[in-house]
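Encoded as structure tokens, the structure appears first; notes follow it.
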Amino acid sequence: ALGGGAVLDAVGYACATFHRGMRLIRIPSTVLAQNDAGIGVKNGINAFGQKNLLGAFYPACAVINDFQLLTTLAHRDRIAGLAEAVKVALIKDRAFFEWMEREADALAHFDHPASRYAIRRCAELHLGHITGAGDPFERGNGRPLDYGHWAAHKLENLSQHRLRHGEAVAVGMALDGLYANALGLLSDADSERVISLLLRLGFNLCPPELSLKDAHGRSRVLLGLEEFRQHLGGQLSIPMLSCIGTSVDLHEIDDALMEQALLRLVSQRAPLTLGEGCAQ
Ligand SMILES: NC(=O)c1ccc[n+]([C@@H]2O[C@H](COP(=O)([O-])OP(=O)(O)OC[C@H]3O[C@@H](n4cnc5c(N)ncnc54)[C@H](O)[C@@H]3O)[C@@H](O)[C@H]2O)c1
Ligand SMILES: [Zn+2]
């Protein structure tokens with residue numbers, strides 16, 4: 001399978017089912033595919049209006065990351081994949097996060113040495129988690145690698161996939177950072193650093209989908225929490241940051257507080273340290 005995350009997922013799923021499984025070699029061709037999707041054991045396709053509804057856990061027998069493939073990528077796709085590097089740094093590796101802060105300008109310009117290191121470190125951390133955390137097939141509820149993903153999956157869907165996965169993950173991480181801050185779990189300084197790094201890398205943290213309401217006036221993004229609970233099989237488990245580099249699982253989310261976090265992200269009151277508002 002040679003391609004971005006979408007192609008790898010579809011081909012991986014086909015490989016898992018055809019003749020009850022055939023050998024798979026992945027050659028990821030986007031930043032996100034090289035640092036995350038191509039490394040993992042999950043393969044999924046969207047069906048019946050739901051993200052990753054059909055799929056299989058199916059490891060590849062080899063993954064070949066060739067940086068040269070990334071030189072033809074659109075700028076947008078060079079940046080989108082960095083969201084997963086920020087994610088894994090936030091939940092596992094404070095030093096990597098601090099390195100990304102120092103190299104933010106180089107990463108935003110896709111300078112090769114910095115980008116190459118970010119992809120490699122992100123891939124290593126993903127691989128380390130899958131092979132070393134004792135739950136490669138996600139039997140348990142705790143999924144730190146899903147940081148920022150409950151909102152991201154909903155946003156991708158609401159945008160009818162206008163938003164790239166990484167772009168949606170960046171928004172989801174900012175939202176959950178503000179929620180953890182409102183809860184008193186994450187300090188003001190750390191939540192501002194999360195948002196500041198995402199902005200410096202070039203992410204738009206206020207896509208119009210954040211403001212969509214249903215017929216009852218409820219935020220459509222927040223309805224994603226209930227969908228995520230169902231996806232987990234009943235008990236909610238959402239990774240949240242207690243500080244940069246460490247996550248904890250929360251099993252309850254205060255809807256009113258999450259709505260406040262959402263409003264803070266959408267409104268000018270968010271601590272957007274670069275002086276940028278949230279104009280859409
Ligand atoms: N299975 C997993 O563990 C896992 C993990 C993360 C993300 N994903 C999935 O991966 C998908 C996102 O992956 P993505 O960000 O790679 O997006 P993508 O696969 O949609 O690719 C983005 C764009 O880049 C183009 N492209 C790919 N390689 C290129 C190259 N070398 N040069 C120029 N253009 C190129 C593609 O045609 C596409 O238009 C989402 O569907 C997401 O759910 C899966
Ligand atoms: Zn992801």
Side-chain angles (χ1 to χ4, degrees), residues 6 44-53 76 79-80 83 86-87 90 143 146-186 188 191-192 194-196 198-199 202-241 249-280:
I45 59 169
N46 307 340
F48 306 106
Q50 218 178 308
K51 175 109 184 138
N52 293 332
L53 187 71
R76 173 183 189 187
I79 299 304
V86 175
K87 173 201 77 180
L90 284 174
R143 298 175 192 176
D146 278 350
Y147 178 59
H149 277 57
W150 72 266
H153 287 165
K154 188 67 187 171
L155 284 166
E156 285 179 84
N157 224 325
L158 288 174
S159 77
Q160 296 173 327
H161 302 278
R162 178 188 68 78
L163 286 174
R164 292 278 197 259
H165 178 71
E167 293 167 345
V169 170
V171 179
M173 293 192 294
L175 176 61
D176 282 354
L178 290 175
Y179 177 82
N181 177 237
L183 206 59
L185 193 61
L186 186 67
D188 291 351
S191 79
E192 286 185 25
V194 174
I195 288 185
S196 171
L198 292 169
L199 288 173
F203 287 104
N204 171 14
L205 301 181
C206 294
E209 288 77 13
L210 273 184
S211 307
L212 293 177
K213 304 264 196 231
D214 74 0
H216 305 285
R218 293 173 305 190
S219 157
R220 295 189 65 186
V221 177
L222 295 190
L223 297 176
L225 271 174
E226 175 56 20
E227 288 167 19
F228 197 66
R229 191 180 62 75
Q230 288 175 19
H231 169 73
L232 291 176
Q235 202 204 4
L236 201 57
S237 187
I238 306 254
M240 286 286 170
L241 300 179
D249 287 329
L250 297 188
H251 302 294
E252 274 176 37
I253 296 293
D254 181 327
D255 286 348
L257 212 56
M258 185 58 88
E259 190 144 13
Q260 275 177 30
L262 186 83
L263 288 173
R264 200 166 152 207
L265 188 57
V266 172
S267 78
Q268 302 281 341
R269 278 168 290 143
L272 303 179
T273 49
L274 296 189
E276 292 182 22
C278 257
Q280 290 164 13

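Values reported hereafter were calculated over all heavy atoms of this structure, with side chains retained and with hydrogens, waters and symmetry mates removed. Count residues from 1 along the sequence.
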Completion exercise
Scanning both residues in full, the closest heavy-atom pair of Ala170 with Ala83 reads N-CB, 4.1 Å
Problem - Donor-acceptor pair, side chain of Asn157 and main chain of Gly49, under 3.5 angstrom - result: yes
Practice task
Identify the two heavy atoms, one from Phe203 and one from Ile79, that lie closest to each other, and give their separation to 0.1 Å.
Solution key: CZ-O, 3.2 Å
Problem - Sub-4.5 Å side-chain heavy-atom contact between His149 and Met173 - result: no
Completion exercise
Between the CG atom in Leu198 and the CD atom in Glu167, the distance rounded to the nearest 0.5 Å is 12.0 Å
Problem - Side-chain heavy-atom pair Asn52, Ile45 within 4.5 angstrom cut-off - result: no
Handout entry: Euclidean distance, Glu209 CD relative to Gln160 CD, rounded to 0.5 Å
Key = 9.0 Å
Problem - Side chains of Leu210 and Leu262 in contact at under 4.5 Å (non-hydrogen atoms) - result: yes
Handout entry: Rounded distance (nearest 0.5 Å) linking atom CG of Leu199 with atom SG of Cys206
Key = 8.5 Å
Practice task
Calculate, to the nearest 0.5 Å, the distance between atoms CD and CZ belonging to Glu156 and Arg162 respectively.
Solution key: 11.5 Å
Problem - Nearest heavy-atom neighbours spanning Pro207 and Val171 - result: CD-CG2, 3.7 Å
Handout entry: More than 12 heavy atoms of other groups within 6.0 Å of Gln230 CD
Key = yes
Problem - Taking every non-hydrogen atom, the tightest pair across His251 and Ser237 - result: CE1-OG, 3.5 Å
Handout entry: Side-chain heavy-atom pair Val221, Leu212 within 4.5 angstrom cut-off
Key = no
Exercise for the section: Report yes if some heavy atom in the side chain of Asn181 is under 4.5 Å from a heavy atom in the side chain of Arg264; otherwise report no. Expected result: yes
Practice task
Calculate, to the nearest 0.5 Å, the distance between atoms CG and NE2 belonging to Leu53 and His231 respectively.
Solution key: 9.5 Å
Problem - Student check: side-chain heavy atoms of Lys87 and Leu90 closer than 4.5 Å - result: no
Exercise for the section: Taking all non-hydrogen atoms of both residues into account, name the closest pair between Leu186 and Gly177 and its distance. Expected result: CD2-O, 3.7 Å
Fill in the blank from the handout: Test side chain to side chain contact (heavy atoms under 4.5 Å, CB included), reference Ile238, set Phe228, Tyr179, Tyr147, output is Phe228
Problem - From CA spacing to verdict: side chain to side chain contact (heavy atoms under 4.5 Å, CB included), Gln260, Leu263 - result: CA-CA 5 Å; Gln260 275 177 30; Leu263 288 173; 5.6 Å; no
Exercise for the section: Give a yes or no on whether the backbone of Gly234 and the side-chain of Arg229 come within a donor-acceptor separation of less than 3.5 Å. Expected result: yes
Fill in the blank from the handout: Heavy-atom nearest pair, Ala174 first then Leu205, reads CB-CD1, 4.1 Å
Exercise for the section: Compare all side-chain heavy atoms of Leu183 with those of Met240 and state whether any distance is below 4.5 angstrom. Expected result: no
Handout entry: Non-hydrogen side-chain atoms of Met258 and Leu175 separated by less than 4.5 Å
Key = yes
Practice task
Apply side chain to side chain contact (heavy atoms under 4.5 Å, CB included) to Asp255 and Leu222, showing your working.
Solution key: CA-CA 8 Å; Asp255 286 348; Leu222 295 190; 5.7 Å; no
